[in-house]
Amino acid sequence: MTSQVTLPLWLAAIIGALAIWAAFERIVVPAVRYLMRRRLNRAIDELNTRLKLRIQPFKLAKRQALIDQLIFDPEVLRAIEVYAVENKVSREAAQARARGYAQEIVPSFSAYAYFGIGTRLARRFSTFLYRVRLGYLDEQAMQAVDPDSAVIFVINHRSNMDYVLVTYMASSSSALSYAVGEWARVWLLQNLIRSMGAYFVRRDSREPLYRKVLARYVHLAIAGGLTQAMFPEGGLTRDGKLRPPKLGLLNYMVSSFDPHGPRDAVFVPVGLNYDRVLEDRIQVGALMTPEGEKPRFRFSPGVLIAFIANSIKLRWQGRLYRYGYACVSFGRPVSLRQYCSEGGIDFRTLDETRRFAEVERLGQMLMRKVGDVVPALPVSLVATVILSASKPLSALELKGEVEILIRDLIARGAHIHIPRADQDYAIEVGLRMLLLRRFVLEENGLYRANPDEEIMLRYYANAIAHLGCDAATATPIAAE
């Protein structure tokens, strides 16, 4: 019992290292996880006391748990069986494909990544590029929204800056989850986007299995009270006008909605407008793409270098201005439960044809409400007047016509952002931006549209065309 056992030094070192690793894995790692989880929970509880729309448990669930829940959803299991039969593959192969789709879709939300990094970057980037302003907000109606509801912000899509701007403007209210296209599925960027709570969508995929997995995830998110943001137009506007809604994602959101269930779904219309859209020339250029083809965009290092050099030059000359104003307005919330009750609708009981008809009606109504709160900004106002004029305008004539347009829009119930509550300053800001970009030319104190840039001028006028001030149909100013 007291005899000694001699071990080689190398073996003793291995045994010691394994013992240290076991202690680290079984004691230290669980203890650190417990402390980090407790600290995270405290941070979430503190955030929920400050946010108007609380972060729901669904958003904090482990990603793997959500993937498993999605894969073993009864409707997904049926879709797996159908896929296996139709494609003559084993059930295991079909299930592996469905799991791949689930792993692609399901995000991995990090409160630190969202509030500690994402919203701070969004604020700095937005305010660096624009003078950011909050337009219309029905505060009383927003406060009346049940914080346990699944809130969906419905937004018009003018720029990829929309994601950044809305994240910043809504950061005091909630953590938003976006549906993001395949363009963002690149190394590192996709991990950051997932940690912000966004989920990826293959917008052009027609495969029934993929669409079923996506539909069930959206259903779980709505049922779990996830706060989301969606762009019903399905892509950036090419000509500046509002586009008709695409109904796929909206259909997934409402098709399984229980109007008598414990949780409501509430749509909040959000209208965005910019004095300058970063991708305006790219989007207008895409109008030249032949019908049926996708526009192709190429990165040009020369253009980027020239842009940076010009910005540095303007900075040294003291003539580098921010890109004007960016304004966000929030409309009156629309309760899906109330909508179904007033229309006598239960989307779950409708056949496919009737359901799509009702979803289309809902989508068009939401887009109208979004359009109603799109703010009219200085550049859009001045561009509309310049395009509708039949002769070059003096500064005094331009001012008078813009003031007439503003009064007309106010009478129609439109929301107009007047910087500093000074119409003269608003007109000056809008005109300066158009002159700097040479969309408008000045000759002998008279202002007229640049014929070579008319399509760009119309792009900005179209931002408020749906408010009843389409430059193409406006009454022209009579020539003397």
Side-chain angles (χ1 to χ4, degrees), residues 130 156-162 233 235-244 271-291 295 297 323-327 367 370-372 374-393 397-406 408-409 412 414-417 426-443 446-479:
Y130 297 101
N156 65 307
H157 206 4
R158 287 191 64 77
S159 168
N160 285 310
M161 267 298 296
D162 297 347
E233 294 166 288
L236 297 176
T237 175
R238 301 280 193 252
D239 58 4
K241 292 183 178 180
L242 291 179
R243 302 171 70 182
L272 303 176
N273 202 359
Y274 302 85
D275 273 339
R276 178 173 179 176
V277 175
L278 298 179
E279 315 92 327
D280 53 6
R281 290 193 182 277
I282 295 175
Q283 298 307 322
V284 169
L287 288 172
M288 309 304 175
T289 304
E291 189 174 351
F297 306 113
Y323 293 159
Y325 288 88
C327 191
M367 280 306 300
V370 169
D372 289 343
V374 170
L377 294 185
V379 165
S380 293
L381 294 169
V382 175
T384 300
V385 168
I386 291 288
L387 282 171
S388 63
S390 59
K391 68 180 183 71
L393 302 176
E397 289 173 323
L398 178 64
K399 175 185 172 183
E401 292 300 323
V402 173
E403 288 178 351
I404 291 172
L405 176 60
I406 289 174
D408 182 49
L409 288 173
R412 295 171 184 267
H415 303 288
I416 303 172
H417 178 67
I427 297 168
E428 177 189 336
V429 167
L431 182 59
R432 181 178 65 192
M433 181 68 71
L434 295 174
L435 287 170
L436 284 171
R437 303 193 67 191
R438 299 193 60 78
F439 295 170
V440 171
L441 301 177
E442 179 188 6
E443 296 173 352
L446 299 177
Y447 301 96
R448 63 179 178 86
N450 183 347
D452 296 333
E453 300 287 2
E454 183 176 334
I455 190 171
M456 298 303 304
L457 204 59
R458 196 167 297 281
Y459 174 88
Y460 285 96
N462 283 342
I464 57 174
H466 63 279
L467 299 175
C469 55
D470 190 341
T473 59
T475 302
I477 300 170

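Model, not experiment: these values are computed from the prediction. Heavy atoms only: backbone and side chains are in, while hydrogens, waters and symmetry mates are out.
One distance of note links CD1 of Ile455 with CG of Asp239; it measures 9.0 Å at 0.5 Å rounding. Here the OG1 atom belonging to Thr237 is positioned 8.0 Å from the CD atom belonging to Gln283, to the nearest 0.5 angstrom. Taking CD from Glu403 and CG from Leu398, the interatomic distance works out to 10.0 Å, rounded to the nearest 0.5 Å. How far CD1 of Ile404 is from NZ of Lys399: 12.5 Å, rounded to the nearest 0.5 Å. Taken to the nearest 0.5 Å, the CG atom of Leu457 stands 7.5 Å off from the CZ atom of Phe439. Rounding to the nearest 0.5 Å gives a distance of 10.0 Å between CZ of Arg432 and CG of Leu435.
Using a 4.5 Å heavy-atom cutoff, the side chains of Asn156 and Glu233 are in contact. No side-chain heavy atom of Met367 sits less than 4.5 Å from a side-chain heavy atom of Arg243. Between Leu441 and Tyr447, every side-chain heavy-atom pair lies at or beyond the 4.5 Å cut-off. The closest side-chain heavy-atom distance from Val374 to Leu467 is not below 4.5 Å. In this structure, the side chains of Asn462 and Leu242 stay at 4.5 Å or more apart for every pair of heavy atoms. With a 4.5 Å cut-off on side-chain heavy atoms, Ile464 and Thr384 count as touching. Within the 4.5 Å cutoff, the side chain of Leu393 has no heavy atoms near those of the Leu446 side chain. Put simply, the side chain of Ile427 does not reach to within 4.5 Å of the side chain of Pro378, judged on heavy atoms.
With respect to the salt-bridge test (charged N to carboxylate O, under 4.0 angstrom), the residues Arg448 and Glu442 do not qualify. A salt bridge is absent between Glu453 and Arg438: the closest approach of a Lys/Arg side-chain nitrogen to an acidic carboxylate oxygen does not fall below 4.0 angstrom. A salt bridge links Asp280 and Arg437; the closest N-O separation between the charged side-chain nitrogens and carboxylate oxygens is under 4.0 Å.
Smallest separation of non-hydrogen atoms from Val385 and Val402: CG2-CG2, 3.7 Å. For the residue pair Cys327 and His417, the shortest heavy atom distance occurs at SG-CB, 4.2 Å. What you find for Tyr274 and Met161 is that their closest heavy atoms are OH-C, 3.5 Å.
The aromatic rings of Tyr323 and Tyr130 sit perpendicular, their planes meeting at an angle over 60°, well past the 30° parallel limit.
In this structure, Arg158 satisfies the cation-pi test against Tyr459, with its NZ or CZ atom closer than 6.0 Å to the six-membered ring centre and inside 45 degrees of the ring normal.
Of the possible polar contacts, none joining the Asn450 side chain to the Val440 backbone as a donor-acceptor pair under 3.5 Å is found.
In summary, the side chains of Glu279 and Asn160 do present a donor paired with an acceptor at a separation below 3.5 Å, with no hydrogens or angles considered. Between the side chains of Asn273 and Tyr460, no donor-acceptor pair of N or O atoms lies under 3.5 Å.
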Practice item. Could you check His466 against Asp372 for side-chain contact (heavy atoms from CB on, under 4.5 Å), going step by step and ending with a plain yes or no? Key: CA-CA 8 Å; His466 63 279; Asp372 289 343; 5.8 Å; no
